[in-house]
Each structure stands twice: as structure tokens, then as C-alpha cells.
Protein chains: 2
Amino acid sequence: MEARRTRAKPGDGARLREEILRNAERLLVETGSEDALTLRAVAQRTRVTTPSVYLHFSGKEALIEAVCLRVWDELGDRVREAVGRVTDPIIALGEFGRAYVHFALDHPVQYRLLMMRPSASAEASKACFEHMVNAVTACVENGVLKGNPDTVALTMWTAVHGCAALLITQPALPWPDDVNEIIDATVRMVGFGAALNTHLPRRRVPRSAELLDGVTVAAERLKALGSKKK
Amino acid sequence: MEARRTRAKPGDGARLREEILRNAERLLVETGSEDALTLRAVAQRTRVTTPSVYLHFSGKEALIEAVCLRVWDELGDRVREAVGRVTDPIIALGEFGRAYVHFALDHPVQYRLLMMRPSASAEASKACFEHMVNAVTACVENGVLKGNPDTVALTMWTAVHGCAALLITQPALPWPDDVNEIIDATVRMVGFGAALNTHLPRRRVPRSAELLDGVTVAAERLKALGSKKK
DNA sequence: ACCGTCAACTTAACGCCGTCAACATAGCGG
DNA sequence: CCGCTATGTTGACGGCGTTAAGTTGACGGT
């Protein structure tokens, strides 16, 4: 086994930490499974002996955690950028959802690690969640949504997360040929649904006939508004 | 190590299979983590040596798969029962969602195994998905929903799954004290959203002002219908 | 110029895991 | 009564995460 060439100078051992982190994510993406993410494999790829990993991470779990943190940051950047491109709050919320799902589909292994591990990192996910709350808050101030922004954002996030998660973990379902169909349908459903849901009284769910009547009216009204403005 | 008392008679070796399966799920629930689901631990609890598991399961993965299949069946029973209790199709769809999420929350470890493993069982999930398609088809025939039942059901399932998944894997988020608030909000959002989404033209997402106008009209109409009938 | 100190790694080993090949044994059909 | 098959067991292998103890190289104080 060819040993690592140069040893780090005192004080910059963190260089190895970065290298390990990078190799861990590469290994994860290449193999497509976290079972293949072995401390030994990561160490070998970094041309270091296995216990050296313990100099920078307290164990395997901590290494995975660190990889996840990095992905959270990227996700946050991506959705912030998407939201920033538009001014209309409800459109921004839609862009948020689209960017979110697309990021998840672009990094399926990382996303599964992020959201589906037994104990995922709490603080980082909260930070990302804040972005969604902000987008929702803008809608509430605008008047298009009502209610507690936290709760509304949670409800909308669950839907978007479910879309990404199911697309990743259940590819055998009868998805349409173009994934964007489902993403768009989800985004619209969330938008319409949250709008109606926040403005409607909380008491009861309308029966089919009532819902259909109400929807028909809303649909005609929305259609008229849409063609009038365009 | 005290050996297993009696050995199974020829022809009913499947008894051990059942016992192993039961102990595997028990172990899973007790420890709360699939990492603790060890072939050795399962074998010991069944009072059998480890390689005996290989007589009934081709390996660890197959054992987990078998546990999952059993859970799928229970989930299918639960939602079928929930849907069968009501006649109104849109109410039935809501009951489907409620029962689905509650089942997931009642069996968090199993649900995570079911939906979040790298390679989840495809056929079983399809069978469960059929139930949802049936519920949606009833709504389409009723006229309250439009479009391809497969696609509509997928969109709605993603939202319900996301609700369950996020509740299970991200307990640190600012959930309301009563989980039913989120479940109800999700169910209503899905109902309203899917109804609006299937009846509206596919072209574009309305801007905030248009959406708000349409929603306001729909809300008043729905509210009137609700109080009139009740 | 030397030397101790300390960060940065390596060597060696432990116990647990999934898996497999080889061996043992009980009961039933002939 | 005998042999065959279903039903297990014994023993072992390699790989894993983790830990304790040893090694090495650079730097600061004297």
C-alpha cells in the first residue's frame, strides 16, 4: 500500500478533513448507496489509514452528518436563488418548490441521506426550513395566504418533500414520462390548496357536491382573471 | 446457549419462518433502528443458530423485504377499511389520507423501512397504490376531480406520504402540539388543491392577485354551501 | 544547536457482522 | 430396518467500526 506522500504541517490538519469529506461524498454518489460508504474505503481513497479518519470525525455517524451539512447548504443556496429571481410571492413559492424537487432529483443519494436517516441533523434542516417560512410570510403579508406561517410552510413542505421522496424511492410507480408534469401538478396543487385551505373556515371538510360547486366557481373566476391579464 | 427445544417436523419448516419474521419485527420496533436488526440477534431471540435463518430467507435483505411485505398488507387493510366506512368519494379520499398518515405514525420504523430503503419492494407498493387510484377514480366519476386517475393519485399520494415522512424523520421542526392539525391541513390542502388543479387549465400558474380573487370567491361560495347543508 | 513537546499519523488488535461450506440428526417412505 | 430428505448446527472467513499504543516530523524555548 502506497502511503500518503506528505504529512500535513501542524496547524493545518483540517486539510485532511476537507479531503475526507470530499472523497466520502464522491464515494457515495459513485456507488449510489450509503452501505458502500465505508470508513475504510474513504480512508483508502484519501490514501490514509482508517483510524486517521478519527482525527477529524468522531466516528462514521459524524462523517455522514458532516456530508449532510454540506448538502443542506447547497440546497439552501439553490432555493434562495430560485426565490430571489421573482417578485410575486406566490410565484416565488412555486419556484421554491420546483427548485427544491429538482435539487433532490439531481442529488438523490444525498437527499435520501439528508431526510431519511433515523436521526437527521436538526439545526441544518431548520435553517433551510426558514427559507420556506420567509416565502410563506411574504404571501401572508400579501394576503394570498392566511394563518400561522410556520404551520402553513410545514404543510406545503410536506407535499414538496413527498414529491421528491416518492420520485426517488419508488421509481416503479406509474410516473408520467416527463417528471415535470408531476412536479408542476404538485406545485399547483400546493398553491391552490394552501390558498383555499387558509382562507376557509377550519371546521369541516366540504362534501363532494359543495366542493365541486365551489371549485367550479373559483375555476371560472380564475380563468377569467388569467385571460384578462395575459 | 440453550438450544431450541423441539425441531420442526418435515413439511412444516415454515413455522420457523413465521417465528423469525415475528421476532425480526419485534426487534425492529423495540430498538427503533434497523441497524439493530441483526441476523444474529433475530436468530438468538428465536433460539436458533444464525445460519438457520438462511433456510427460510436468502439473506438479510430478503428478511427485511419479508418484514416490509407484511407491513404493506397491514397498511392496505387499514386504508381499505377507512375508505369503506364512508360513501361520499371526496370524504373517502380524506379518510384515506388520515388513515394512511396515522398508520405511518403508529409504525414509524416500519414505515421508514417501507418507503425509504434504497430498493423498496415495487409490487407491494403498487398494490397499495391501487387503493388510492380507486378512491380517486370514484371522485373522477363523481365529477369532483378530472384528469388521469394515476397522475392525480400520484400527486395526492406524494403529499400524504410527505406529511408522514417529515413527521417521522424531522421531529425537531416546529410542529403544532396536536399532530392532527397538520394532518387535517394536509388532507384539506390536498382535497382543495387537487380539485382546483384538475379543473383549471394547465397552462399557467395564476399570479397572487388572481389567485386571491378566485380563492375569495370560492371560499364564500363554499362557506355558504357548508352552512346551508349543515 | 539541541531537545522536549505535541500534532499528525500508523500499527496492531478486538469484537461484531453477514455469509458459506461442511457436518449432524430426526422422522418418514420403501 | 434402511436410506433419503428436511431441518437444523459447527466452524470458519473476510470485512466492518472502533480503540489503544506506538511512531514521526516540525516547531519553540533555551
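So you know, we letter chains A, B, ... as the sequences are listed, proteins then strands, and number each from 1.
One finds no salt bridge joining R80(B) and E130(B) here, because no Lys/Arg side-chain nitrogen approaches an Asp/Glu carboxylate oxygen to under 4.0 Å. Salt bridge annotation for D73(B)-R78(B): absent, with no cationic side-chain nitrogen under 4.0 angstrom from a carboxylate oxygen. Salt-bridge annotation for R70(B) and E18(B): present, with a side-chain N of the basic residue lying under 4.0 Å from a carboxylate O of the acidic one.
Taking the screw axis at each terminus of the helix from dA1(C)-dT30(D) to dG30(C)-dC1(D) from five consecutive base pairs, the angle between the two is 20° to within rounding of 10 degrees.
Remark: the R40(A) side chain and the dG15(D) base include no donor-acceptor N/O pair separated by less than 3.5 Å.
Between the side chains of N23(A) and R45(A), no donor N or O sits under 3.5 Å from an acceptor N or O. No side-chain N or O of N148(B) forms a donor-acceptor pair with one of D150(B) less than 3.5 Å apart. One side chain, S125(A) or Q170(B), offers a donor N or O that lies under 3.5 Å from an acceptor on the other. No donor-acceptor contact under 3.5 angstrom links the side chains of T155(B) and T158(B), judged on distance only.
Among the atoms of the strands shown, none is found under 4.0 Å from any heavy atom of D35(A).
Taking atom CG of residue L63(A) and atom C1' of nucleotide dT18(D), one finds them 14 Å apart after rounding to whole Å. If you measure from atom CD1 of I20(B) to atom P of dT7(D), you get 12 Å, rounded to the nearest angstrom. As a whole-Å value, the separation of E61(B) CD from dT19(C) C1' is 14 Å. For Q44(A) and dC16(D), the CD to P distance is 9 Å, given to the nearest whole Å. Distance L16(A) CG to dA7(C) C1': 13 Å, rounded to the nearest Å. If you measure from atom CG of L39(A) to atom P of dT19(D), you get 11 Å, rounded to the nearest angstrom. The distance between atom CG of L37(A) and atom P of dG15(D), rounded to the nearest whole Å, is 18 Å. Regarding R47(B), its CZ atom lies at a distance of 19 Å from the P atom of dT7(D), rounded to whole Å.
In terms of heavy-atom proximity, G97(B) sits nearest to V160(B) at O-CG1, 3.9 Å.
If you check residues 50-59 of chain A against DNA chain D, the residues with a heavy atom closer than 4.0 Å are T50(A), P51(A), Y54(A), G59(A), listed by number.
A donor-acceptor contact shorter than 3.5 Å links the side chain of R17(A) to the backbone of H56(A).
Surrounding CD of Q44(A) are at most 12 heavy atoms belonging to other residues, nucleotides or ligands under 6.0 Å away.
Contact check, T38(B) against dC17(C): a side-chain N or O comes under 4.0 Å of OP1 or OP2.
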What pairs of nitrogen or oxygen atoms, one from the protein and one from nucleotides 24-28 of chain C, lie under 3.5 Å apart?
from: dT25(C); atom 1: O2; to: R7(B); atom 2: NH1; distance (Å): 3.4
from: dT25(C); atom 1: O2; to: R7(B); atom 2: NH2; distance (Å): 2.9

- Before giving the answer on ring-ring contact (aromatic ring centres under 6.0 Å, His included), spell out for Y100(B) and H131(B) the whole-Å C-alpha distance, their side-chain angles and the decisive distance to 0.1 Å. CA-CA 11 Å; Y100(B) 184 97; H131(B) 292 148; over 10 Å; no
